[in-house]
Amino acid sequence: MGAPLVLDNVQSLPFIGPELTLGAGILLLLVWELVAHGARKRVGLLAIMFATLGAAGAQAAFALAHDAPAVSLFGGLLASDGFAHVFRVLFAFVTAVVALYAAPVRADDALPGKRSTGEMYLLLLTVALGLSFMAMSRHLLMIYLSIEIVSVISFVLAAFSIDDKKSSEGALKYVIYGGVASGIMLYGMSWLYGATQSLALPEIGARVAAMSAAQHGVPPVVFLATVCMLAGFGYKISAAPFHMWTPDVYEGAPTPVTAFLSVGPKAAGFAVLVRFFAEALRATGSLHASPWPLVAGVLAMLTMTVGNLSAIGQDNVKRMLAYSSIAHAGYMLLGFAVFSTTGTAAIVFYALTYCLMNLGAFLVVLALAEQNGGDESVGAFRGLGTRAPVLAACMAVFLFSLTGLPPFAGFVGKFYLFAALVRGGGNFTWLVATVGVLNSVVSLFYYARVLRSMYLTPAGASDAPVVVARRHTATAIALAVPTVALGVYWAPLYDLVARTVGMVP
Amino acid sequence: MPEFTGPVQHVELSTTLWLIALLPLLGSVTNAIFGRRLQKSHFGHDLAHKLHIGSLGVTLVAVGAMLAAFALSLWHVAKLLALPEAHRFLFCHAWEMVRIGSVDFGFDFALDPLSSVMILIITGVGTLIHVYAAAYMHHDGAYWRFFAYLNLFVFSMLLLVLGDGFMVMFFGWEGVGLCSYLLIGFWYDDYAKASAGMKAFVTNRVGDWGFVTGLMLLFWALGGAWLEGGSYQPDNLPRLAAVAVESGEAEHGGHEAGGEHGAVTAKAHDADGDDAVGHHAKAAHPQGNGTFDFTVLPGAKVYVDGALAGISPLTGKSLHAGRHTLRVVPGGGTDDLEIPSFSVEAGGETMVSLIGPALSFRSLHDQLVVRDAAGHHTVREGLQSKKAWGGVGVITLACLCLFLGATGKSAQIPLFVWLPDAMAGPTPVSALIHAATMVTAGVYMIARLSWLFALSPVASGVVALVGALTALFAATIGLYQYDIKKVLAYSTVSQLGFMFIGVGVGAYWAGVFHLMTHAFFKACLFLGSGSVIHGMHAVVHGEAAAQDMRKMGGLKRVMPITSRTYFVACLAITAAPFPLFAGFWSKDEILWRAFTTENIALVPGALIYAIGLAAAACTSFYMWRSYYLTFEGEHALPKIATEVHESPAAITWVLVVLAALSTVAGVLFGFSTHLLGGHGEPMLEEWLSPVLQHAVVSFREGGLGLEYALMALSVGLAIASWALAKKRYGAGRPADWAAREEGLPLFDAIQHKYWVDEAYGAAIIGPILKLRLVLADLDKWAIDGIVNGAGVVGRAAAWTSGAIDHHLVDGAVNFVADRTFAAGERLRTVQTGRIQSYLYGLVGGVLFFACLGYFLGR
């Protein structure tokens, strides 16, 4: 409570331990990639990767567990608070899981396109660093820089399979689209800077509040600036109508990268979005005070509807999951639209559950495609219930959870999102909630297609058991178990999230 | 906020209570996973053979889990005994499930005198029946599956009685229903048996609908039952109230209260030693301190005067006398709760109660007994004043709905039809589930909610009347059954009716007493019949033949122990001619209370009494008929003399123990010096009084003379019926006894169980099946049309969206891609291309939101 503690550059260093760890890991990985060879190289890569992520995640988790006081770092560039810590832990976890997906099985295994695993790990760690900064930024410059770190590296990751036309094509679109979106966002930032003469979110917040009070409403210049910035944020979380890059990039990119993009940058985008609206705009859930609940509500409704309706017709499971990830961004926007701490807690909780189930679903696609020569269509899942019972059961868990059925984590997450929304009160929130519920129903349709294919359609010609790499099965189980467990016993996690989502005042 | 006082429930914390329920679950899981392998292995094969039981491994797991649960139950009941009367309430918070808004649902367990009676019956009789089943089922191929189910049943039943709230009880309620279904249809390859299981399950769904509806009504009704500054707050949120505890001990003088206080304070020092820093100076003067308990919302953080006092449940915290503030952070999605100011009196005890919608029995109970500063039962009066649908009290409505749930589980009119069919299950199942435990769940629920049912004389009257009618109705059906298990099944329905008379007329303890004695003697009877059936398989083939009393006769000579225990149990259930066996005590108490009750509004107590008396007379007749036909007289089949033998020790010993319990339990728990002119109360009544004392009930003073006269009347009638049964079916019965029976009036109707099943079939099941055809047609034409219409619309939307994706997005992409890649891998040429459409979307989105702001003018 009271005035925020602002630390200078030297004082701040201990608070960015996780980021310093990631930086050290990047350098180490770079050197190892150059000097080591053979089996030692593979072991070393894995060791450096997981040690770095483990150490970074553990530091953030430690801060979280000890309710470390919220402070402002580097004279107000970054925030070290519970909200950031939760995301830092999440990013370390997601990166580690994706690294596991991309891990080479044998020493001479190269990733698609003859690129080395070390290269991918290096890029992944760098993105993780950018993601952490995104979650911590409370300064327009830092927001822009961290988003660009993540974007630029994501372009490279999306194009990782250099021989794959789809991959290259998607990446190119990503670059162009990302560039324009960043440009529009930067344009909005310049407006905001012009109007408030500050880049620091708290100061912007104070000035905007003063201007709004003087004009009895949000000034048009702030509104326009925010809408422009929304293009940048919306592109990061793939919210409609800023989502069009998503299907192509997700389909084209190597599956581990897709899994990563659908979870990591999306969650970070939400972190920036929530922090920006809370600190710079001091948005409240009241529809009369500001246009933000309306904008956010419309954004949520559009995103859910576009994502779900487009997913229906998809035959490629990866592309279907891409659209489904758009829909899930829409669900998370439900919690955003009320601008309350319960809403924020619900978003964070949903992001945690979503990361489990979505990573899991992509893993199953990956494991299956590895076995059948890259077939990612719904047909590839035929008879999986008998051909690979464990994997199919895990996939069923992920899909049910994504649909939001009890007793799975997705249901609980969605429940809290809707609860937060309805508690916001007012007719508009009911409208948004209704659209959300209808969308959940639609989503069952395309998830159920995969389920039907796995369990109800006979395998046909190829009913031989699918032999999946053991580590994939193990990872799938490791993700499915918490998906079920959090659907039954989630109180401690939710309490932790609800307690720690506080930001630097 | 007004100050409150009231006799709210003290809570003693326990960390081990949940283990009682866990043990049978572990047994079940172990047998479910390893049972098949255990059964196939040769582990303990010789010993098992010698003992005439099935696989030793499976048996050890199942019976071991039961024995351990029984021992643990005994230990917890002993702990309960050691506590002063008002403190007999062990509470254990296992884990929190959902807490959002006003819904608070955690896995909380509670043991009070009422549930202690239940767990002793469940684990005690349960253990005996497990031992019995080890011998009874020893040939069965799915021996392991049977025990996995049976242990799972015990687990569910323990959840049902140990739950400290409706939700855990409901988990148990559904769990026992599931296990009952699984075990009735245990031999599922027999279609009749499988469908009997289905019938039980479906019938119970109707009851469950009532249960859930009643629960929701109650929850909803309590939402606004709170007066703040004289007005209702209809927001359905719980509030907190500090209640000064009125303890029973205070009346007994200072000695006990002082000792109590000292004990509690001492515990406070162990528990939160360093929390009470600010109060240490005061703690030196205990008379300046009061104790503070916070036991609602388990897991919540409790702040007293701004400092963290601990995590709920929190008992015996010492606070200095005076005013304090309280803030509670429940966590989950529930807002913080506050009491801005409450007072603690020196030497007094202050507890915090939850007021408003609650799922926990204790919270429900506590808020109904608290009084505000003016001496009004604010919440109770608020609840009582709520009317719905033309002036029916909400309490009455909720109680009736809950009773509907009870009629399903406890096989009362109109939902009793499943129980006789449930006899298709193996006999130990009939004894455990369909006689001793599960079917008494409804009785238990009403006793548990006694303070609620007592508030509604109308609902209580309905309970008593339905109970009485069921008792008579089922007893008459029992008169001419030939299947020995069917006789016992109808007898069970009838005896459950007696229990409902008890809890209906306000004699809750008597209902529970009969529940207990019935558990002993009916288990003994069922297991005795099982022993007979087991033996009869040597001479006849098929389940139906082995249970047919017309094929038995004279079994006394070949199965002496079985026949003697059956005889004792018959004495216990019929109370004739020696009015000392268990059933007499409980049944007579129920009938006496029915005669003198003043709690059942419109229904005259004497009518209930008369019906009950008639049912008791019938009981005596059909029980002795079954005894004589089975055990006395000539062998119906000559081979019986040589080929039927007494059952193995595992079976006979269990019978002997149960027979002994049937003999002594009545006197032990039901005798009071009051019958000899003294003032004592029966032991069980005293034991249960902390639970049941808040039910406000009253009985007319009848006088000892009248009580003896009515007792003599019921015993006399029972003896007369016995004499009649002996004359017709005794050792010297005429050979054509069956034919003679058929000539009796009403025989046809009774034989066909008054055509109730047929009536249900014609009135409900048939129309539903017909409706199904109509609906199928409707479905084909109307619903499908709507669905297809919706599908078309959905498809159109999807098509549009897909078309955008396909033509605009993919088209652009493919177009770009085709051009580029066809031209050779000159990626650099794809600079502007059709990515434009994406970017149009992007810019269009920005414009759209900008316009949104513009037109809204903000």
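These values consider heavy atoms only, across backbone and side chains, with no hydrogens, waters or symmetry-generated copies. This structure is a prediction, so every number in the text was calculated from the model and none was measured. Below, chain A is the first sequence line, B the second, and so on; all start at residue 1.
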Portion of B:Phe848 that has a non-hydrogen atom of chain A nearer than 4.5 angstrom: side chain
Atom of A:Cys228, atom of B:Val846 and distance for their closest heavy-atom approach: SG-CG1, 4.2 Å
For A:Phe415, does the CZ atom sit with more than 12 other heavy atoms under 6.0 Å from it, leaving out its own atoms? no
Quick one: what part of A:Leu302 sits under 4.5 Å from any heavy atom of chain B, side chain, backbone, both or neither? side chain
Would you indicate whether B:Arg36, at its atom CZ, is surrounded by more than 12 heavy atoms from other residues, nucleotides or ligands within a distance under 6.0 Å? no
To the closest 0.5 Å, what do you measure between CG (A:Leu294) and CG (B:Leu852)? 5.0 Å
So which atom in B:Phe849 and which in A:Val298 form the shortest heavy-atom distance, rounded to 0.1 Å? CE2-CG1, 4.1 Å
Between NE2 on residue A:His243 and CG on residue B:Leu842, distance to nearest 0.5 Å: 11.5 Å
With respect to chain B, which residue among A:Val295, A:Val412, A:Val306 yields the maximal number of heavy-atom pairs within a distance under 4.5 Å? A:Val295
Does OH belonging to A:Tyr187 count more than 12 external heavy atoms closer than 6.0 Å? no
Part of A:Ala181 within contact of chain B (heavy atom distance under 4.5 Å): both
Shortest non-hydrogen pair, B:Tyr838 vs A:Met244, comes out as CE2-O, 3.6 Å
Give me the atom names and distance for the closest heavy-atom approach of B:Gly845 to A:Pro241. CA-CG, 3.4 Å
Proximity breakdown for A:Tyr235 and chain B, heavy-atom pairs closer than 4.5 Å: neither
With ring centroids as reference points, do B:Trp95 and A:Tyr489 lie under 6.0 angstrom apart? yes
Max heavy-atom pair count under 4.5 Å with chain B, selected residue of A:Val175, A:Leu224, A:Val488, A:Val227: A:Val227
Look at atom CZ of B:Arg37 and say whether more than 12 heavy atoms of other residues, nucleotides or ligands are closer to it than 6.0 Å. no
